[in-house]
Visitor: 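Just dropping this structure here.
Side chains included, hydrogens not; waters and symmetry mates left out as well; all remaining heavy atoms used. Numbers here simply count residues along the sequence, with the first being 1.
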Amino acid sequence: MRTISRGAIILFSIMMLLFDTTHSIVLEPDENHIKSATFLSENFEVGPGKIVVKTLLDIDFPRGHIGVKSFDVEVVDEDGNSIPLYETYLHHWFAVKYIENITMSPYIKQSHDLRNGIEFERNDGACQGFLLPHYWGLGAESRGTSSNLPDPFAVELGNPTKIKHGFKEKWLFSIMVIDTRGTQDRKGCTECRCKLMNLPNDFYNVTTGINGQLLPRSYKGGLFCCQDNVQCKLKNGFRGPTRKLSLRYKIKWVDWDENQVPLKFYILDSTDRVRSNGSTPIHDCQAEYTIPRNHYNDIPHIKKANIPMTKGGYLVYGTAHMHTGVVNVTLYGQDGRVLCTSNPKYGTEKEAGNEKGYLVGMSVCYPKPGSIKIEDGEILTLESVYENKFRTGAMGHFYIYLAEQISI
């Protein structure tokens, strides 16, 4: 069974079993034989300034041997209304695959003990340990970023020949949402600035980072200051109601057959400090970074990583998971050719999906099938560009789907 380091736990969220909540499913027909369903996750309660970091196990998911074509998520209230980012900020959602020992299921359900009976199956990306393990996942930009995969490509799931005997394939959500109603600094709260949180006095004495070491006091903000039930500081006298929210997610899929071409999914990280042990690359992804204060330079801030691809393929889809302030993100081939540039879309109004000043979408690359090939062993360069302003918890994650072949 794959273990999770203490430092990675906060990226994977606090593990909690929530088996007993009912789910809503809306089945939708499709004349092109692509099936789709809309689900509601278990709900979670937010109040002004509250941070929610949860893992929702065994989420509703299409069963059988299938090929997933898209996976879209947004935050809604109990009446199904879309929640705008300036009220509850969706920092991230990750959909992670795992297999569960069928004989251990009753024990896990009763004891909430995840140490036995569950094995996590991460994506094809190379980050160490259990960092960035998901198959799908974005954040505030979710509503405006396409997840559609063109025909005949799909993500193959549920292949009975690839699931260990006695195990069942399941999925979970790892989520972080931040209710910013009434907060002293809404933007700083979404960036998880430590000084804006009601952290315990011994926070730096007991909190470890990704490397398992205590956080230095120079750590000014990011995932580790946004822990479950931590409170963003509110304006004096502000009062507001609590409410129950959930993730509404829509999945499209096809039944797997000989007409489908399988894809591999890679997450590349611009913080990856790659080094080598002989001929073996060692990845040291940090998942987030701080853009320091700069009062004299308007040149954009660039974070760059050179990442070797052990296994290549034909590029079918590319986009980025970023935060507000991003200028663009570009993936380059070893020869300097541009493989994909993902550009941001910022909101201009008040409605959910177009919130003024927020990152509400990232563009997607759909190369002509067969036109862009990444070779085995090729060293890719990922370049994340942000405005040169102080920012904590900045991310530069690039998602690519690769096909070993482009036709049957």
Visitor: Determine the minimum heavy-atom distance between Met362 and Glu141, stating which atoms define it.
Guide: CG-CG, 4.0 Å
Visitor: Quickly, which of Asn328, Ile302, Thr341 forms a side-chain contact (heavy atoms from CB on, under 4.5 Å) with Glu383? Name it, please.
Guide: Ile302
Visitor: Under the side-chain contact (heavy atoms from CB on, under 4.5 Å) rule, what do Lys187 and Arg193 come out as? Steps first, then yes or no, please.
Guide: CA-CA 9 Å; Lys187 177 178 178 293; Arg193 301 268 180 90; 3.9 Å; yes
Visitor: I'd like to check Leu157 versus Trp253 (side-chain heavy atoms, cut-off strictly below 4.5 Å). Are they in contact?
Guide: no
Visitor: Under 4.0 Å between a Lys/Arg side-chain N and an Asp/Glu carboxylate O for Lys69 and Asp151?
Guide: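 Between Asp151 and Lys69 there is a salt bridge, with a charged N closer than 4.0 Å to a carboxylate O.
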Visitor: Using the ring of Phe238 (Phe, Tyr or Trp, six-membered ring only), decide whether Lys235 places NZ or CZ under 6.0 Å from its centre and within 45 degrees of its axis.
Guide: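 That pair does not qualify as a cation-pi contact.
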Visitor: Specify whether Trp93 and Phe71 have parallel, tilted or perpendicular ring planes, treating 30° as the upper limit for parallel and 60° as the lower limit for perpendicular.
Guide: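 Geometry flag for Phe71 against Trp93: parallel rings.
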Visitor: Picking from Glu156, Glu119, Glu121, what satisfies salt bridge (charged side-chain N to carboxylate O under 4.0 Å, His left out) with Lys97?
Guide: Glu121
Visitor: Shortest non-hydrogen contact from Asn148 to Tyr366?
Guide: O-OH, 2.6 Å
Visitor: Are there more than 12 heavy atoms of other residues, nucleotides or ligands under 6.0 Å from atom CZ of Arg239?
Guide: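 For Arg239, atom CZ is not crowded (no more than 12 foreign heavy atoms under 6.0 Å).
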Visitor: So, for His134 and Ile267, which heavy atoms are closest and what is the spacing to 0.1 Å?
Guide: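 It is NE2-CD1, 3.3 Å.
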Visitor: Side chains of Tyr314 and Pro367, heavy atoms from C-beta outward: is any pair under 4.5 Å?
Guide: no
Visitor: Determine, for Asp58 against Lys170, whether the closest basic-nitrogen to carboxylate-oxygen distance falls under 4.0 angstrom.
Guide: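 Counted as a salt bridge, because a side-chain N and a carboxylate O are separated by less than 4.0 Å.
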Visitor: Quick one: sort the Trp256 and His65 rings into parallel, tilted or perpendicular, breaks at 30° and 60°.
Guide: parallel
